[in-house]
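Following: one structure in structure tokens, then a few remarks.
Numbering of ligands and ligand atoms starts at 1, following listing order. Treat the numbers as computed from the prediction; the structure is a model and nothing was measured.
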Amino acid sequence: MRLARRLDKLPPYLFVEINKKITGKKARGEDVISFAIGDPDMPTPKPIIGELCKAAHDPANHRYPETAGLPELCHAVAQWYHRRFGVTLDANKEVLPLIGSKEGIGHISFCFIDPGEIALVPDPGYPVYSVSTLLAGGKPYFLPLVEENDFLPDLESIPEKIAEKAKLLWLNYPNNPTGAVADMAFFQKAVHFARKHNLAICHDAPYTEVAFDGYQPPSLMQIPEAKEIGVEFHSLSKTYNMTGWRIGMAVGNAQMIDALFRFKTNLDSGIPQAIQKAAIKALTGSQDSIVEQNTIYQRRRDKLVKALNDIGLRARLPKASFYIWARIPHGYTSVEFTTELLDRANVAVTPGTGYGTAGEGYIRLSLTLPDDRLDEGISRLMRWHRAKQQ
Ligand SMILES: Cc1ncc(COP(=O)(O)O)c(C=O)c1O
């Protein structure tokens with residue numbers, strides 16, 4: 001058997017050893033507290049599940065769905081964007097439901113990137129931007145996100161030759177893994193840059209609703225010219241604790257949406273209709289659960305950031321997202337420090353290098369674990385630190 005060489009382009013999985021260790025510990029009955037996974041611990045709100053159950057009983061929803069999604073869902077997305085961001089979208093041409101935003105993020109690279117072509121990709125960043133570029137035969141050109149620049153890419157530092165050749169610019173705010181946010185002035189700059197260099201923007205925005213202290217992250221689509229050159233990926237995963245149901249959307253430039261639709265329609269058969277109905281309920285129903293969740297995440301954020309700083313890991317309070325990006329002590333690599341916490345404290349975190357080479361020197365901790373587990377995790381980190389001091 002000979003597999004396609006394309007698969008050789010997949011980067012080696014950095015966490016093989018760490019994951020083996022976690023599995024081994026669990027098999028031995030050890031209790032590992034994981035801050036490593038960005039998957040909400042809170043359940044999908046009841047009214048959404050109620051709608052899903054009702055829809056599951058309706059035989060009309062047992063058949064193949066349309067790849068384009070239910071028109072009612074596209075309208076619900078457009079309405080939601082209007083209510084939340086004041087953005088007007090044509091539900092027929094500027095909205096495309098996705099089987100989770102990851103699916104669309106992965107597929108859109110194939111709509112833009114021919115072999116040898118370049119995508120501008122943040123480092124550290126959600127790995128799918130670079131991996132899908134590689135699978136499409138392209139080359140990621142990494143834009144370092146550094147603390148001194150508030151984890152925003154310095155677009156002016158991109159060499160002219162690269163900017164001219166690039167086809168896509170990937171952005172992601174609120175950001176995974178750094179928890180950084182972007183303001184409208186940055187989006188305006190990015191749109192100007194993209195228009196100047198004739199490239200398309202893909203803004204990945206699944207965390208706009210996970211925000212604290214009254215802050216409301218903006219959408220790229222609030223920039224009037226954004227629709228000429230870009231799409232935004234969004235998701236119900238984090239907003240409504242629906243990661244397991246797999247539903248998200250792309251909105252924006254009609255030509256980009258159509259390209260993604262044409263690609264997808266040849267590969268998948270859409271989102272199960274009962275899940276689309278549940279999504280309509282989520283988008284059009286009460287949004288109170290978002291406020292309640294954010295109150296919980298904010299409390300966890302405050303506790304964890306304080307504890308990390310107390311033990312000498314420099315961490316900023318993120319304004320949005322459920323990630324804490326913490327600087328590790330000198331003398332360790334990210335992987336070594338992650339291993340140390342796992343070995344000595346039975347606490348799992350993610351090494352920054354899992355998101356790119358610029359993630360060296362950091363670890364990422366997620367706030368998506370129940371309060372008692374978070375408290376226990378903090379106690380273990382404190383104990384580890386005290387033992388280290390002796
Ligand atoms: C930055 C970012 N984009 C996209 C996704 C994918 O989300 P989903 O496919 O569940 O919509 C994630 C998931 O963790 C993420 O962190």
Side-chain angles (χ1 to χ4, degrees), residues 15 34-44 48 69 73 77 80 95-109 119 121-133 140 143 145 151-153 168-182 201-211 217 219-220 230-252 260 264 267-268 270-272 275-276 278-279 282-283 293 297 318 320-325 349-350 352 354-356 358-359 364-369:
F15 314 133
S34 179
F35 290 93
I37 297 162
D39 189 355
D41 58 304
M42 291 175 263
T44 310
I48 303 173
L73 174 58
V77 169
W80 186 85
V95 174
L96 181 63
L98 301 168
I99 312 169
S101 62
K102 183 178 187 181
E103 175 260 302
I105 293 167
H107 283 151
I108 203 159
S109 292
V121 174
D123 173 11
Y126 182 59
V128 186
Y129 317 139
S130 56
V131 170
S132 62
T133 303
L143 309 178
L145 306 185
F151 300 109
L152 295 168
L168 272 187
L169 166 63
W170 282 100
L171 298 173
N172 162 226
Y173 293 97
N175 185 259
N176 176 11
T178 66
V181 295
I201 300 184
C202 287
H203 181 230
D204 182 20
Y207 298 101
T208 62
E209 305 316 291
V210 184
S219 159
L220 174 75
V231 289
E232 184 159 86
F233 290 94
H234 215 299
S235 174
L236 282 82
S237 286
K238 323 285 170 158
T239 310
Y240 305 104
N241 305 333
M242 289 177 71
T243 49
W245 304 113
R246 311 308 304 134
I247 187 156
M249 61 273 201
V251 306
L260 185 54
K264 264 172 67 60
L267 291 175
D268 71 57
I271 307 152
I275 293 172
Q276 296 191 52
L283 294 167
Q293 275 158 223
Y297 286 137
S321 88
F322 41 57
Y323 300 116
I324 310 295
W325 188 238
V349 300
T350 318
Y355 305 93
R364 192 198 76 172
L365 295 95
S366 169
L367 301 171
T368 53
L369 68 177

I'd like the residue list for ligand 1, meaning every protein residue with a non-hydrogen atom under 4.0 Å from the ligand. Gly100, Ser101, Lys102, Ile105, Tyr126, Tyr129, Asn172, Asn176, Asp204, Pro206, Tyr207, Ser235, Ser237, Lys238, Arg246
Determine whether a donor-acceptor pair (N or O, by modelled atom type, separation under 3.5 Å) exists between the side chain of Asp204 and the backbone of Asn172. no
Would the number of heavy atoms belonging to other residues, nucleotides or ligands and lying under 6.0 Å from CH2 of Trp245 be above 12?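 Not buried by this count: 12 neighbours or fewer within 6.0 Å.
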List for me each residue that meets side-chain hydrogen bond (donor to acceptor under 3.5 Å, both in side chains) alongside Lys264, sequence neighbours excluded, and say none if there are none. Glu103, Asp268
Using the side-chain hydrogen bond (donor to acceptor under 3.5 Å, both in side chains) criterion, which residues pair with Tyr240? Sequence neighbours excluded. Trp80, Gln287
Phe322 and Tyr207 aromatic centres sub-6.0 Å: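 Yes, close enough.
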Residues which pass side-chain contact (heavy atoms from CB on, under 4.5 Å) with Ser219, listed by chain and number, not counting sequence neighbours: Tyr81, Phe85, Met221, Gln222, Glu232
